[in-house]
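All heavy atoms count here, side chains included; hydrogens, waters and symmetry mates do not. In what follows, every chain begins at residue 1, and chains take the letters A, B, ... in the order their sequences are listed.
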Amino acid sequence: MASPNDIRKGTVIKLNGELWSVVSFQRVSPGKGSSFVRTRIKSLASGKVVENNFKSAENLTFEEVGFKKMQYIFRDDNTITFMDGQNFEQVALGKDIVGEEARFLKEGLEVTIVMHGEQALAMELPLKITYKITQTDPAIKGDTASGNVLKDATAENGLLLRVPIFIKEGDEVMISTESGDYVERVSR
Amino acid sequence: MLSKEELEYRIALWNRVQNRLRIFFVERGYLEVQTPVVVRSPGMEPNLDPVAIELKDVVGVGMRAGLITSPEYAMKKLLGAGLERIFTITPVFRNYEENGGTHATEFTMLEWYRQKVDYLACIEETKLLIDTVLKDTVAGEMEGVVEGVVDRVVDGAVDGEEDGGKIGDCWFTISYVAEFKNRFGGQPDAMSLSELAVLAEGAGIVFGGDTRADELVDLLFNAVLLPDLVNQHPKLVIKEYPVSGAALAKRSVDGLFAERFEIYVKGLEICNGFTELTDSTEQRRRFEEEGELRRELGKAVYPIDEELLGGLDSISDPTYGNALGVDRLVMLVAGTKEIDAIAVFPPSQRYKFSKL
């Protein structure tokens, strides 16, 4: 038996006799009150996607799946392709499955691909990814008219970011893939 | 370790926020106090897990103790002894939390209490506090805390007038019980377990057979109603909680809700305040109930804090109290939803957990 807190992307849950793979999830733990895991899950049989909330203190049954480290290599109109660095085997995931998270991909990035038998179910990003800043303006007076201490920046893969104003072009920054927010500058 | 530049930036943010908080309370006649972190009775709430520790005296005799999940009990003892307006900024600890994102095992709590006024006054004071901190720390009233880095931050920031809507968003207040009734057709405390179970199943909530009615109410509100509410209202006050979620809050005169509120800013839960329960008999009953529930859930049960109960009846009715997450406030000022981006010692790198 597993707990909802063990849910990660691609986890396959057996629910009412059907298999569902987790498309996205978020743990919610209020200061007071029961914690739960908010999920979008996809039926492996019909492809239907539904939203579910799992109360944290419950038991769930997970179906066995494999987690494979693979590198992002390229994308075309409909799919994104990854390669196993050991045996050069390739798998493709639909862009609709990867969703918004495709924006975090950069060439050679190692991700986890969730496999159910021969079928690739989902891509799991590292929690944090380091990017080189290729464009950002120096901080000047009146710059951050939006009222906070961040400014716009562009990363090597075109990802648009908000970073603290001491960040310069050429700096490497660590970004959270959960929120898309800046976490820290990588010390050189 | 983070780089010196990054550290200075973060330390400056914390200094500015904490200095502004202190000025706010001192100007309003509050005394700053410090409360113990290691205690015999760290808290009874069924949803919280204190970090348990073993203390030894000078000859090695041990006792079970815990780290506080909030300074509430100590603060109330001071109120019972006659102090009328007090605040504290203290580390607090909670087990079974994530470290990273918006959570951490150890975080910083601002807690304050004022006698003779109720939670409605507290809501107004808290709105003013949050607006003041956001406006002044972002707009740079406290310039020059750290040379260089912060001066640039301050220069780049705006003056209060042109905040581009970031700070100037309007406050919006809703009633928990009214909102719940609108959506689900009944007063949360009046609905039966089976009615709630049908609603929860319909809303895609997966729960076990031993789930209690108050948990289902909570899940329905937090999973179904709250996401839309915080999306629509960047500065949201939720008041009038169900009596089942009263914790240490007083019931309203008509008995229909607990005088409790929470504030969410940009989707982040910032604080939780009450008109405090000052009836020691009722408080003892709730502690015993919660202790029983903790036993059933297989959680540690700590002794009831008799010193707290002994002073409770001397506290004025009404008295309000509020607990606010300072890390979250710093996150708002820094424009981030990552505690790792504002902490001087990032929580996600502090511990190494391994399966036993």
Side-chain angles (χ1 to χ4, degrees), chain A residues 4-5 13 15-16 26-41 50-60 127-128 138-151 162-167 171 173-176 178-188, chain B residues 1-3 5-6 9 13 45 47-48 96-98 100-101 103 134 138-139 149 152-153 155-158 162-168 200 203-208 211 214-215 218-219 221-224 227 245 247 260 262 269 271-272 297 323 325 333-338 340-341 346 348:
Chain A
N5 282 333
I13 304 170
L15 205 60
N16 308 325
Q26 185 196 8
R27 293 194 194 100
V28 184
S29 149
K32 295 188 189 292
S34 310
S35 54
F36 60 95
V37 182
R38 190 196 308 288
T39 60
R40 290 179 66 235
I41 56 178
V50 300
E51 286 190 16
N52 267 60
N53 293 287
F54 293 93
K55 185 177 162 240
S56 291
E58 298 299 342
N59 286 320
L60 290 176
L127 284 176
K128 287 163 187 168
I140 45 164
K141 199 173 171 67
D143 199 20
T144 49
S146 62
N148 63 38
V149 294
L150 302 175
K151 61 174 182 175
R162 300 277 293 158
V163 298
I165 64 178
F166 61 78
I167 297 295
D171 280 351
V173 298
M174 199 185 275
I175 300 298
S176 158
E178 242 164 79
S179 58
D181 283 349
Y182 166 91
V183 177
E184 66 182 65
R185 190 176 67 177
V186 179
S187 308
R188 282 160 296 178
Chain B
M1 274 308 289
L2 300 167
S3 68
E5 203 171 26
E6 178 97 57
Y9 165 77
L13 277 175
E45 281 173 66
N47 291 314
L48 294 184
Y96 297 97
E97 289 285 355
E98 282 186 76
H103 288 267
L134 289 181
V138 173
V149 178
R152 269 185 288 142
V153 173
D155 282 350
V158 293
E162 307 167 23
D163 55 25
K166 185 199 174 200
I167 307 159
I205 294 170
V206 180
F207 55 95
T211 305
D214 64 298
E215 290 179 298
D218 233 28
L219 288 165
F221 189 85
N222 287 328
V224 182
R260 171 181 163 195
E262 289 195 4
E269 183 188 348
C271 69
N272 184 8
L297 295 170
V333 171
T336 179
K337 292 208 166 168
E338 296 291 332
D340 273 352
S348 74

Worksheet item: Which answer fits A:Val28, side chain, backbone, both or neither, if we ask what part of it has an atom under 4.5 Å from a heavy atom of chain B?
Response: neither

Discussion item. Name the residue from A:Ile13, A:Asn16, A:Val37, A:Asn52 that meets the side chain to side chain contact (heavy atoms under 4.5 Å, CB included) definition with B:Val206.
Written reply: A:Asn52

Fill in: Spacing of A:Asn53 atom CG and B:Asn222 atom CG [to the nearest 0.5 Å]
10.0 Å

Worksheet entry | salt bridge (Lys or Arg N to Asp or Glu O under 4.0 Å) assessment of A:Lys32 paired with B:Glu262 | CA-CA 10 Å; A:Lys32 295 188 189 292; B:Glu262 289 195 4; over 6 Å; no

Worksheet item: Does the side chain of A:Arg185 reach to within under 4.5 Å of the side chain of B:Glu5, using non-hydrogen atoms?
Response: yes

Worksheet item: Can we say A:Lys128 and B:Asp340 salt-bridge, meaning some charged N sits less than 4.0 Å from an Asp/Glu carboxylate O?
Response: yes

Worksheet item: Measuring heavy-atom distances to chain A, does B:Ala200 have an atom under 4.5 Å in its side chain, in its backbone, in both, or in neither?
Response: neither

Worksheet item: How long is the span from the CG atom in A:Asn5 to the OH atom in B:Tyr96, to the nearest 0.5 Å?
Response: 10.5 Å

Worksheet item: Would the number of heavy atoms belonging to other residues, nucleotides or ligands and lying under 6.0 Å from CZ of A:Arg40 be above 12?
Response: no

Worksheet item: Which atom names give the shortest non-hydrogen contact between B:Glu6 and A:Tyr182, and what distance separates them?
Response: OE1-OH, 2.7 Å

Response to the item:
So, the part of A:Glu184 with a heavy atom under 4.5 Å from chain B: the answer is both

Worksheet item: Which bit of B:Ile205 is near chain A, if near means a heavy-atom gap under 4.5 Å: side chain, backbone, both or neither?
Response: both

Item to complete: Heavy atoms only, distances under 4.5 angstrom: which of B:Gly101, B:Ala223, B:Gly208 has the most pairs with chain A? Name it, please.
Response: B:Ala223

Worksheet item: Do the side-chain N and O atoms of A:Ser176 and B:Lys337 include a donor-acceptor pair separated by under 3.5 angstrom?
Response: no

Worksheet item: Taking side chain as C-beta onward, heavy atoms only, is A:Ser29 less than 4.5 Å from B:Glu98?
Response: no

Practice prompt. Would you mind checking which part of B:Leu2 comes under 4.5 Å of any heavy atom in chain A, side chain (CB onward), backbone (N, CA, C, O), both or neither?
Written response: both

Worksheet item: Looking at residues at least two apart in the chain, or sitting in another chain, which of them share a ring pair (Phe, Tyr, Trp, His ring centres under 6.0 Å) with B:Phe221?
Response: B:Tyr176

Worksheet item: Looking at residues at least two apart in the chain, or sitting in another chain, which of them share a side chain to side chain contact (heavy atoms under 4.5 Å, CB included) with B:Glu215?
Response: A:Ser34, A:Lys55, B:Thr211, B:Arg212

